[in-house]
Structures are given as C-alpha cells and as structure tokens.
Amino acid sequence: MPEAARLLRPGGRLVFLVNGALLMLCMPDLEDVAAGDRLVRDHFGMHRFEWSDDPGVEFHLGHGDWIRLLRRSGFEVEDLVEIRPPEGSTTRYPFVTLEWSRRWPCEEVWKARLNG
C-alpha cells in the first residue's frame with residue numbers, strides 16, 4: 001500500500017480485488033478442496049496462508065487490518081463491495097462452490113482514495 005500511495009497523485013483512486021476474508025477462514029488446508037460452512041482458520045493474526053499441496057504463499061488480511069493499512073498509507077476507504085454472483089452463474093474454481101458464494105462473499109472489491 002505505501003508503494004501504491006507513492007505512485008498515485010493526491011485524490012487518485014485505488015481499486016483492488018481480493019479473496020473474501022470469510023472464504024479464507026473457511027478454506028481447508030488442501031487447495032483443491034472447496035470451502036465449507038465452518039471456520040477452520042483463526043481470524044486474529046490472519047496474514048500468511050500456505051497450502052500443503054501447493055508451494056505458493058498467499059497473504060490475506062481481515063477487514064480491520066485492511067482499513068488500518070490503507071489509512072496508514074494515506075488512503076480513505078470509500079467502499080467495500082462484497083461480491084455475490086447472480087443466479088445461474090457458473091464457477092471454474094475448485095476452492096469455492098457457487099452455492100457457497102451465493103451465501104457468503106468469496107471476493108471483495110476495495111475502493112480507496114489517496115488523501116491530499
């Protein structure tokens with residue numbers, strides 16, 4: 001976020017898409033297994049995510065941590081859109097079913113404006 005703030009002009013907008021915080025808390029350790037309807041990870045301290053069947057590392061924050069990071073970097077949060085796919089949609093992702101994403105947000109769009 002500090003680098004985005006450095007690159008934007010004052011008043012510039014930052015819009016980005018992330019996996020939903022709730023999705024990350026409901027995902028089992030295996031990447032190709034769909035999220036369930038139970039919390040399987042801790043919310044507090046959420047940051048680094050690793051999967052036992054994938055060498056990659058992902059980073060995810062809770063809403064409060066996102067807000068604090070954006071504000072510390074000079075942004076004002078304008079909106080948070082929790083994505084819900086419309087009826088009849090399809091998905092190609094093995095880690096979240098359409099039924100799951102119709103009940104809970106699987107993706108979030110953050111919109112922020114650089115102060116100044």
Side-chain angles (χ1 to χ4, degrees):
M1 285 308 140
E3 185 66 9
R6 187 185 73 77
L7 294 173
L8 285 173
R9 294 180 181 158
R13 292 188 70 209
L14 176 66
V15 178
F16 59 97
L17 174 78
V18 296
N19 286 333
L22 186 57
L23 172 65
M24 299 313 300
L25 299 177
C26 292
M27 289 197 42
D29 186 37
L30 299 172
E31 187 176 86
D32 289 338
V33 177
D37 63 356
R38 302 284 185 268
L39 298 172
V40 296
R41 299 178 185 275
D42 293 340
H43 172 79
F44 295 110
M46 180 171 42
H47 182 69
R48 182 184 174 111
F49 287 76
E50 296 183 60
W51 314 107
S52 60
D53 60 347
D54 185 328
V57 176
E58 297 180 21
F59 296 91
H60 300 278
L61 300 175
H63 294 151
D65 288 333
W66 269 122
I67 291 168
R68 284 185 288 280
L69 176 59
L70 287 162
R71 293 182 92 181
R72 257 194 332 264
S73 300
F75 288 97
E76 176 184 338
V77 175
E78 293 185 330
D79 200 3
L80 168 59
V81 180
E82 297 164 314
I83 304 297
R84 183 181 195 201
E87 290 283 346
S89 296
T90 60
T91 182
R92 65 180 195 270
Y93 299 111
F95 59 88
V96 62
T97 65
L98 181 60
E99 293 77 21
W100 196 100
S101 62
R102 292 279 305 145
R103 294 181 67 195
W104 303 291
C106 62
E107 294 178 315
E108 303 164 349
V109 176
W110 287 81
K111 300 178 183 181
R113 185 171 305 278
L114 187 61
N115 292 319

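Heavy-atom basis, side chains included; hydrogens, waters and symmetry copies ignored.
- Of all heavy-atom pairs between Met1 and Ser73, the closest is CB-OG, 3.3 Å.
- Following chains of ILVMFWY side-chain contacts shorter than 4.5 Å, one cannot reach Leu23 starting from Leu98, and the two form parts of different hydrophobic clusters.
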ask   = Checking side-chain contact (heavy atoms from CB on, under 4.5 Å) for the pair Val18/Glu107: CA distance, chi angles, key distance, verdict?
value = CA-CA 6 Å; Val18 296; Glu107 294 178 315; over 6 Å; no
Step-by-step side-chain contact (heavy atoms from CB on, under 4.5 Å) determination, Leu17 to Trp110 = CA-CA 6 Å; Leu17 174 78; Trp110 287 81; over 6 Å; no
inquiry  = Between Phe16 and Val109, is the side-chain contact (heavy atoms from CB on, under 4.5 Å) condition met? List the steps.
reply    = CA-CA 6 Å; Phe16 59 97; Val109 176; over 6 Å; no
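- Linking ILVMFWY side-chain heavy atoms closer than 4.5 Å, directly or via other members, places Met46 and Trp66 in two distinct hydrophobic clusters.
- A salt bridge links Arg48 to Glu50: at least one charged side-chain nitrogen sits closer than 4.0 Å to a carboxylate oxygen.
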task = Any chance you could lay out the side-chain contact (heavy atoms from CB on, under 4.5 Å) test for Leu39 and Cys26, step after step, and finish with the verdict?
result = CA-CA 5 Å; Leu39 298 172; Cys26 292; 4.0 Å; yes
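- His63 NE2 to Leu61 CG: the interatomic distance, rounded to the nearest 0.5 Å, is 10.0 Å.
- What you find for Leu22 and Trp100 is that their closest heavy atoms are C-CH2, 4.1 Å.
- Using a cut-off of 4.0 Å between Lys/Arg side-chain N and Asp/Glu carboxylate O, Arg113 and Glu78 are scored as salt-bridged.
- Closest of all the heavy-atom pairs between Pro28 and Arg41 is O-NH2, 3.4 Å.
- Hydrophobic clustering (ILVMFWY, side-chain heavy atoms < 4.5 Å, transitive): Trp104 and Leu80 are in distinct clusters.
- Nearest heavy-atom pair across His43 and Gly62 is CE1-CA, 4.1 Å.
- Of the inter-residue distances, the one linking His60 atom NE2 with Leu25 atom CG reads 10.0 Å to the nearest 0.5 angstrom.
- Following chains of ILVMFWY side-chain contacts shorter than 4.5 Å, one cannot reach Met24 starting from Val57, and the two form parts of different hydrophobic clusters.
- With rounding to the nearest 0.5 Å, the separation of CG in Asp79 from CZ in Arg13 is 8.5 Å.
- Screening residues 62-72 for salt bridge (Lys or Arg N to Asp or Glu O under 4.0 Å), with sequence neighbours left out, gives Asp65-Arg68.
- Annotation: the span from Phe49 atom CZ to Phe59 atom CZ amounts to 10.5 Å, rounded to 0.5 Å.
- Taking CG of Leu114 as the start and CZ of Arg9 as the end, the distance is 12.0 Å to the nearest 0.5 Å.
- Here the straight-line distance linking atom OG1 of Thr97 with atom CG of Asp37 works out to 10.0 Å at 0.5 Å rounding.
- Both Val81 and Val15 are assigned to one and the same hydrophobic cluster, defined by single-linkage of ILVMFWY side chains at heavy-atom distances under 4.5 Å.
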Please list every donor-acceptor pair under 3.5 Å in which a side-chain atom of residues 85-96 meets a protein atom from a residue at least two apart or in another chain.
residue : atom : partner : partner atom : Å
Glu87   : OE2  : Arg102  : NH2          : 2.7
Ser89   : OG   : Pro86   : O            : 2.6
Thr91   : OG1  : Tyr93   : N            : 3.1

